[in-house]
Amino acid sequence: MRTTLICFVLLTVAFIPIRSRQDGIKIGSKEFTESVILGELMTQLAANTLTRAIHVDELGGSTQLYSALLIGDIDIYPDYTGTIRLELLSKQNLNSMDEVRKYLNGQGIAVSQPLGFQNGYAVGMLRKNAEASGIETISDLARHTHLRMGFTNEFLNRVDGWPGLRSEYALRHDDVRGMNHDIAYRALKNR
């Protein structure tokens, strides 16, 4: 049985024995800067252990990378524990990391230890626009349905993303678009 390693961003990079390749291990990363940096760090860590590693960067979102991991196109990639539990394994109804580990272990996938930091979502707006509109909290956005919103495509479809945010804060915005993080920042800056 082949063993593959999935490295969650909230989990430390740990090179556990994985299937051998003549061309080394393939490390994947998602389409945003933090994931690419983590993928590159993993590649350098592998090089320091005399393991040949290839970083295949910006492959897509979590679904694409998880699929690539399952079929063997990549051997390891960084992801968030919440993404794995709430999105990729949502049908499994796993309530803890112990349950996630047990399930993934049955799939031949090993999970590393926590990195020790939290990465949550935030909603941003230009300060001068927020001040002019009297917006200080997410709840305040409900009074401003004319605002255009841009989130990553993955966030738009996540239970803990736009659907959850919209429901929790009764947001009724019509102009909500999916876009790359970098494009979202530039669009915000350029109005």
- Query: Would T43 and I54 count as a side-chain contact (heavy atoms from CB on, under 4.5 Å) if you check the C-alpha gap in whole Å, the side-chain angles of each, and the deciding distance to 0.1 Å?
  - Reply: CA-CA 7 Å; T43 303; I54 300 157; over 6 Å; no
- Query: Honestly curious: do L89 and L86 fall in one hydrophobic cluster under the side-chain, below-4.5 Å linking rule?
  - Reply: no
- Message: Checking R166 against R172 for the side-chain contact (heavy atoms from CB on, under 4.5 Å) test, could you report, in this order, the C-alpha distance in whole Å, the side-chain angles of both residues, the deciding distance, and whether it holds?
- Response: CA-CA 7 Å; R166 182 182 60 220; R172 303 291 174 239; 4.1 Å; yes
- Query: Do N129 and L147 have side chains that get closer than 4.5 Å, going by heavy atoms?
  - Reply: no
- Give a yes or no answer on whether the side chain of E87 reaches the backbone of G82 with a donor-acceptor pair at less than 3.5 Å. no
- Message: Pair M149, L141 - check side-chain contact (heavy atoms from CB on, under 4.5 Å), show working.
- Response: CA-CA 11 Å; M149 297 190 175; L141 293 172; 4.1 Å; yes
- Note on the structure: So CD of E99 and CG of N93: to nearest 0.5 Å the spacing works out to 9.5 Å
- Task: Determine whether I138 and L156 fall in the same hydrophobic cluster, where Ile, Leu, Val, Met, Phe, Trp and Tyr are linked whenever their side-chain heavy atoms lie under 4.5 Å apart.
- Result: yes
- Donor-acceptor under 3.5 Å (S133 side chain, A130 main chain): no
- Item | Residue pair S62 / Y77: nearest heavy atoms and the distance that separates them | O-OH, 4.0 Å
- Where the side chain of Q44 meets the backbone of L41, is there a donor-acceptor pair that is under 3.5 Å apart? no
- Task: Verify the distance criterion only: is there a donor paired with an acceptor across the side chains of T83 and R158 at less than 3.5 Å?
- Result: yes
- Message: Do E58 and V36 make a side-chain contact, defined as non-hydrogen atoms from C-beta onward lying under 4.5 Å apart?
- Response: yes
- Is there a donor-acceptor pair under 3.5 Å between the side chain of R101 and the backbone N or O of V111? yes
- Parallel, tilted or perpendicular, as decided by the 30° and 60° cut-offs, for the rings of W162 and H173: perpendicular
- Message: Restricting to non-hydrogen atoms, name the atom on Y169 and the atom on A142 that form the minimum distance, rounded to 0.1 Å.
- Response: O-CB, 3.8 Å
- Side chains of I84 and T81 in contact at under 4.5 Å (non-hydrogen atoms): no
- Message: Ring-plane angle category for H144 and H146, please: parallel below 30°, perpendicular beyond 60°, tilted otherwise.
- Response: perpendicular
- Query: Okay, side chain of S29, backbone of G39: is any donor-acceptor separation there less than 3.5 Å?
  - Reply: no
- Query: Which distance, rounded to the nearest 0.5 Å, do you find between the CD of Q107 and the NZ of K102?
  - Reply: 13.0 Å
- Task: Grab the two heavy atoms, one from T49 and one from A46, that are nearest each other, plus how far apart they are.
- Result: OG1-O, 2.7 Å
- When rounded to the nearest 0.5 angstrom, what distance separates CD1 in I74 from CG in L65? 4.5 Å
- Message: Testing the basics here: between S35 and K30, what is the closest heavy-atom pair and its distance to 0.1 Å?
- Response: OG-N, 2.6 Å
- Message: With a 4.5 Å cut-off on side-chain heavy atoms, are M42 and L45 touching?
- Response: no
- Task: To the nearest 0.5 Å, tell me how far D57 CG sits from E31 CD.
- Result: 10.0 Å
- Hey, are Y80 and E34 close enough side-chain-wise for a donor-acceptor pair under 3.5 Å? yes
- Item | Check: R85 side chain, L94 main-chain N or O, donor-acceptor pair, under 3.5 Å | yes
- Hphob cluster co-occupancy, L70 + V56, side-chain heavy atoms under 4.5 angstrom: yes
- Query: Atom OG1 in T145, atom CG in L171: separation rounded to 0.5 Å?
  - Reply: 10.0 Å
- CG (N157) and CZ (F151) are apart, to the nearest 0.5 Å, by 12.5 Å
- Message: Could you see if V159 belongs to whatever hydrophobic cluster contains L88? Use Ile, Leu, Val, Met, Phe, Trp, Tyr and a side-chain cutoff under 4.5 Å.
- Response: no
